[in-house]
Undergrad: 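Structure in structure tokens, see below.
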2 protein chains.
Amino acid sequence: MTEEPSGGDLSRLRQLNGLAVIRALRDDKALTLTELAKRTGLSRASTEDVARELIGRGWVAEVEPTAGTVGRPARRYRFRADAGRVLGVDIGGHTIRALVTDLDGEVLNSATLAVTPQLGRRQRFAALDACVSTALAGAGVASDQIWSTGVATTGLVDGTGRVMLSDSLTEWTGVDLAAHLRRLVPAPVRVENDSKLAALAESWRGVARYAKDVVFLLAGVRTGTGLIIDGKLHRGFGNAAGEIGALPAAGWLRAPDHLRAWSGGKDEFEDVFLAARDGDRDAVRAVRRYTRDIAVGVSALVLTLDPELLVVGGGFSRSADLVVQPLRRELDRWCLRTPEIRVSTFGDEGVALGAVRLALEQVEAALSGGAELASAEIFGATGRN
Amino acid sequence: MTEEPSGGDLSRLRQLNGLAVIRALRDDKALTLTELAKRTGLSRASTEDVARELIGRGWVAEVEPTAGTVGRPARRYRFRADAGRVLGVDIGGHTIRALVTDLDGEVLNSATLAVTPQLGRRQRFAALDACVSTALAGAGVASDQIWSTGVATTGLVDGTGRVMLSDSLTEWTGVDLAAHLRRLVPAPVRVENDSKLAALAESWRGVARYAKDVVFLLAGVRTGTGLIIDGKLHRGFGNAAGEIGALPAAGWLRAPDHLRAWSGGKDEFEDVFLAARDGDRDAVRAVRRYTRDIAVGVSALVLTLDPELLVVGGGFSRSADLVVQPLRRELDRWCLRTPEIRVSTFGDEGVALGAVRLALEQVEAALSGGAELASAEIFGATGRN
DNA sequence: TACATTATTAAGGAGTCCATCATTATTGAC
DNA sequence: GTCAATAATGATGGACTCCTTAATAATGTA
């Protein structure tokens with residue numbers, strides 16, 4: 001939300017103060033003017049002025065004053081999260097998920113659709129369209145009410161929203177996801193890799209909320225990573241940051257093979273972990289070998305970035321109790337300082353939440369006067385030049 | 001230089017505009033009011049007002065108007081880089097170097113002193129003191145005229161300016177460098193690892209000037225790295241970012257052995273490179289093996305960060321023609337996208353320049369109202385609350 | 001010398017913020 | 001029920017910063 005603080009007009013100052021008020025209101029349920037004034041550092045009079053303007057713009061609303069206190073009851077204000085809606089979509093190999101949320105990221109409705117990695121491009125698009133429509137309909141939101149869309153997909157994504165490379169989805173390389181979604185929902189679209197967005201979700205409202213530098217490990221059938229550096233998602237020059245798995249020495253490609261071997265070559269991993277938890281020798285060994293292979297690459301990430309936190313998410317995080325301990329031991333062997341390790345609590349929904357966050361980042365950029373947004377009635381007025 | 005743009009007073013706006021003017025003036029030699037106004041986006045009248053105030057504060061000076069143009073000659077303004085002085089110190093194993101510069105980082109005087117890694121703590125401190133004194137005296141600057149000091153040293157450094165761990169310097173672990181330098185020069189001191197500061201120098205005014213994400217490789221007797229992420233030096237939670245050399249798989253510890261073997265175990269590397277350039281089979285092979293060992297770790301850094309640029313500096317960068325090509329080939333083998341590789345042009349002075357930059361960052365932080373600085377006469381007036 | 005060009009100076013107006021004080025609404029004690 | 005005490009609201013005036021416009025000044029060229 002921070003931008004270059006280059007000076008300017010008086011209106012620029014008003015805009016900054018408006019942003020400060022909104023930020024204060026977003027952090028709390030509702031605040032009185034005096035509280036707001038204290039939090040923003042403005043005088044009461046100015047705060048009132050700013051608040052009045054924000055109400056006029058539709059960003060802020062008044063709520064019932066609370067009774068029961070001494071003195072004249074204060075009017076209280078809240079951020080109008082219901083002023084707009086955003087859409088977050090996760091296009092995975094096995095599921096497509098769409099979330100409709102308000103401007104606080106509060107989920108209004110979600111839709112999930114089972115698919116397979118082998119689906120062709122047209123079928124996958126059809127499933128995507130159906131899933132989005134269901135989510136919108138269930139939330140009672142028309143597509144032109146959506147302010148911004150965020151999309152997660154496997155593979156490498158370029159800056160314009162095109163899939164540059166996807167190993168795990170058939171006929172997916174080269175797809176222009178942004179264009180497709182813009183046809184579906186007339187709002188700005190941003191597309192990003194799923195592991196990166198899962199990391200973003202953790203940093204937004206997950207276990208990595210208070211950490212500045214985070215390595216996120218998506219442990220599942222595929223292994224992926226997302227890096228949060230200085231509180232922001234790090235993409236890299238070619239959007240390929242965190243692809244340490246490409247290094248053969250890291251051994252990420254063969255890592256799941258240890259688990260596959262136990263289950264007879266199939267991609268069914270529930271059982272290995274169950275057996276390992278029951279003490280099955282072979283299963284325990286398979287899990288340990290898997291962890292050891294993963295750990296080399298993770299060590300490279302950790303040594304490179306020296307993060308405060310390592311977050312483990314993805315399908316295997318349900319069996320985190322089996323993975324975290326050996327992982328920590330392995331990291332202790334290689335790293336100068338093993339970071340704290342935490343397990344994601346989002347389950348399957350992390351990626352989609354990250355997509356929501358991506359959409360919200362666009363809204364916030366527009367709020368501070370950067371990008372454009374569809375709903376110009378409200379937004380255009382904010383970016384008055 | 002960017003901070004949180006939280007709003008506030010009207011004076012805050014003036015401060016922001018003052019900063020914008022200073023920034024514009026620092027980018028150019030000298031500007032007229034009209035040019036300044038265009039660049040800052042302010043009106044001419046306001047620009048004049050701001051400029052007048054900055055002149056009063058000592059930050060800006062008027063220069064001779066240029067003759068020979070049509071119309072009334074415009075007054076021209078420049079940033080007063082001579083308003084203050086900063087000190088940058090590089091404490092290396094074999095040399096201690098001190099630079100005295102103005103606020104533009106223009107070197108006024110430099111002093112170098114040869115030392116050895118085996119020097120005891122007291123002797124090293126004595127050499128340091130002598131070097132700093134020489135540099136100050138040669139520049140005609142008294143120690144209390146220094147606004148800010150930056151220090152580079154080998155090893156891990158903590159946030160308070162204490163050396164947490166130094167392998168290559170004897171009796172250096174645990175030294176409180178910041179405290180020692182504050183006794184020498186009464187100004188705020190910041191201490192940082194030498195490789196990190198060399199990277200900072202490249203990103204400041206070296207070959208990495210225009211890149212946002214950079215991996216800097218210090219190739220020499222020791223191998224070190226510095227990471228620039230999103231234009232800023234990345235330190236890591238424990239200030240240990242980039243220490244990929246700790247990973248045995250990276251092979252950085254044994255890498256110089258290939259070169260040492262050629263020269264009979266001594267730390268004399270000039271000859272190997274000379275011989276290799278002359279086509280000596282064994283020398284060429286030694287260099288290639290060295291490069292191959294280095295490349296694994298570099299690949300890990302590159303795959304992690306996906307930087308735009310890889311900069312090679314340090315002692316071996318003088319023989320860059322021999323190292324860069326094989327390095328690129330090795331990286332092509334491992335990396336998804338090999339970044340552009342450039343060679344530092346700073347020679348030995350890069351680290352000290354980075355220390356200067358560290359000092360200047362402190363000055364700029366104080367300018368934008370963050371930290372405190374010694375010379376309160378000028379600075380205190382800026383941070384008027 | 002007149003004119004075109006460009007910069008400076010001055011004045012008036014608008015927007016934003018702050019401090020202060022009178023006013024209003026509510027609670028709790030008598 | 002009346003009266004302090006408390007705390008928020010509303011209104012006024014002042015200060016600061018920026019912008020626009022118009023008049024004035026300095027230089028080069030025809």
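Quick caveat: nothing in here was measured; it's all calculated off a predicted structure. Labels below follow one simple rule: chain letters A, B, ... track the order of the sequence lines, proteins then strands, and each chain is numbered from 1.
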Undergrad: Check A/Ser148 against A/Ala359 and note the closest heavy-atom contact, atom names and distance.
TA: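 That closest heavy-atom pairing would be OG-O, 2.9 Å.
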
Undergrad: Do B/Leu99 and B/Ser110 make a side-chain contact, defined as non-hydrogen atoms from C-beta onward lying under 4.5 Å apart?
TA: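 B/Leu99 vs B/Ser110: side chains touch.
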
Undergrad: For residues B/Val21 and B/Leu54, report the shortest heavy-atom separation together with the two atoms involved.
TA: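 Nearest heavy atoms, B/Val21 then B/Leu54: CG1-CD1, 3.8 Å.
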
Undergrad: May I ask you to evaluate whether B/Arg14 reaches the phosphate of D/dA15, defined as a side-chain N or O under 4.0 Å from OP1 or OP2?
TA: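 Result: no.
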
Undergrad: Tell me which residues in residues 32-39 of chain B put a heavy atom below 4.0 Å from DNA chain C, sorted by number, or none.
TA: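 Those residues whose heavy atoms fall under 4.0 Å from DNA chain C, taken from residues 32-39 of chain B in numerical order, are B/Leu33, B/Thr34.
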
Undergrad: Under the side-chain contact (heavy atoms from CB on, under 4.5 Å) criterion, do A/Arg205 and A/Phe346 qualify, and how do the steps go?
TA: CA-CA 10 Å; A/Arg205 42 169 56 175; A/Phe346 283 144; 4.3 Å; yes

Undergrad: Hey, does B/Glu361 have a side-chain heavy atom less than 4.5 Å from the side chain of B/Leu358?
TA: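 Side chain of B/Leu358 against side chain of B/Glu361, heavy atoms only: contact under 4.5 Å found.
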
Undergrad: Give the rounded distance in Å between these two atoms: CG of B/Asn17 and P of D/dC16.
TA: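 Atom CG in B/Asn17 sits about 17 Å away from atom P in D/dC16.
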
Undergrad: Hey, does A/Glu48 reach any base, or is it just sugar-phosphate, or nothing, if we go heavy atoms under 4.0 Å?
TA: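 Touches sugar-phosphate only.
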
Undergrad: Take atom OH of B/Tyr77 and atom C1' of C/dT8, then tell me their distance rounded to the nearest Å.
TA: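 Distance check: B/Tyr77 OH to C/dT8 C1' gives 9 Å.
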
Undergrad: Nearest whole angstrom, please: distance from the P of D/dC19 to the CZ of A/Arg12.
TA: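 Spelled out: CZ on A/Arg12 to P on D/dC19 is 14 Å.
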
Undergrad: Please table the atom pairs, donor to acceptor, closer than 3.5 Å between any side-chain atom in residues 75-88 of chain B and protein atoms at least two apart or in another chain.
TA:
unit_1  : atom_1 : unit_2  : atom_2 : d
B/Arg75 : NE     : B/Tyr77 : OH     : 3.3
B/Arg75 : NH2    : B/Tyr77 : OH     : 3.2
B/Arg76 : NH1    : B/Glu64 : O      : 3.3

Undergrad: Within the sub-3.5 Å range, which N or O atoms of nucleotides 18-21 of chain C have a protein N or O partner, and how far apart are they?
TA:
unit_1 : atom_1 : unit_2  : atom_2 : d
C/dC18 : OP2    : A/Ser43 : N      : 2.9
C/dC18 : OP2    : A/Ser43 : OG     : 2.8
C/dC18 : OP2    : A/Ser46 : OG     : 2.7

Undergrad: Is any side-chain heavy atom of A/Arg26 less than 4.5 Å from a side-chain heavy atom of A/Glu364?
TA: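 Yes; the side chains approach each other to less than 4.5 Å.
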
Undergrad: Strictly under 3.5 Å: I want the nitrogen or oxygen pairs between protein and nucleotides 25-30 of chain C, one per line.
TA:
unit_1 : atom_1 : unit_2  : atom_2 : d
C/dA25 : N3     : A/Arg72 : N      : 3.3
C/dT26 : O2     : A/Gly71 : N      : 3.4

Undergrad: Over the length of the helix from C/dT1-D/dA30 to C/dC30-D/dG1, how much do the five-pair end axes diverge, rounded to 10 degrees?
TA: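 Nearest ten degrees gives 10° for this helix.
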
Undergrad: Measure from CG on A/Leu10 to C1' on C/dC17 and round the result to the nearest Å.
TA: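 Going from A/Leu10 (CG) to C/dC17 (C1'), I get 10 Å.
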
Undergrad: Sequence neighbours left out, what passes side chain to side chain donor-acceptor pair (under 3.5 Å) with A/Ser46? Give chain and number order.
TA: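 Counting only residues at least two positions away or on another chain, A/Ser46 forms a side chain to side chain donor-acceptor pair (under 3.5 Å) with A/Ser43.
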
Undergrad: Are any non-hydrogen side-chain atoms of B/Leu181 and B/Val151 less than 4.5 angstrom apart?
TA: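 B/Leu181 vs B/Val151: side chains touch.
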
Undergrad: Determine, stepwise, if the pair B/Glu106 / B/Thr101 fulfils side-chain contact (heavy atoms from CB on, under 4.5 Å).
TA: CA-CA 5 Å; B/Glu106 220 50 53; B/Thr101 79; 5.6 Å; no

Undergrad: Output the rounded distance in Å from CG (B/Asp49) to C1' (C/dA10).
TA: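 Rounded to whole Å, this separation is 13 Å.
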
Undergrad: So which heavy atom on B/Ala199 is nearest to which on B/Leu227, and how close?
TA: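 Scanning both residues completely, I find the closest heavy atoms to be CB-N, 4.4 Å.
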
Undergrad: What is the distance from CZ of B/Arg75 to P of D/dT27, rounded to the nearest Å?
TA: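 So the two atoms are 13 Å apart, to the nearest Å.
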
Undergrad: Kindly indicate, with the supporting measurements, whether the criterion salt bridge (Lys or Arg N to Asp or Glu O under 4.0 Å) is fulfilled by B/Glu53 and B/Arg14.
TA: CA-CA 10 Å; B/Glu53 188 181 329; B/Arg14 173 49 78 87; 2.4 Å; yes

Undergrad: How far apart are the closest heavy atoms of B/Thr149 and B/Ala187, and which atoms are they?
TA: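 Closest approach of B/Thr149 to B/Ala187, heavy atoms only: OG1-CB, 4.3 Å.
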
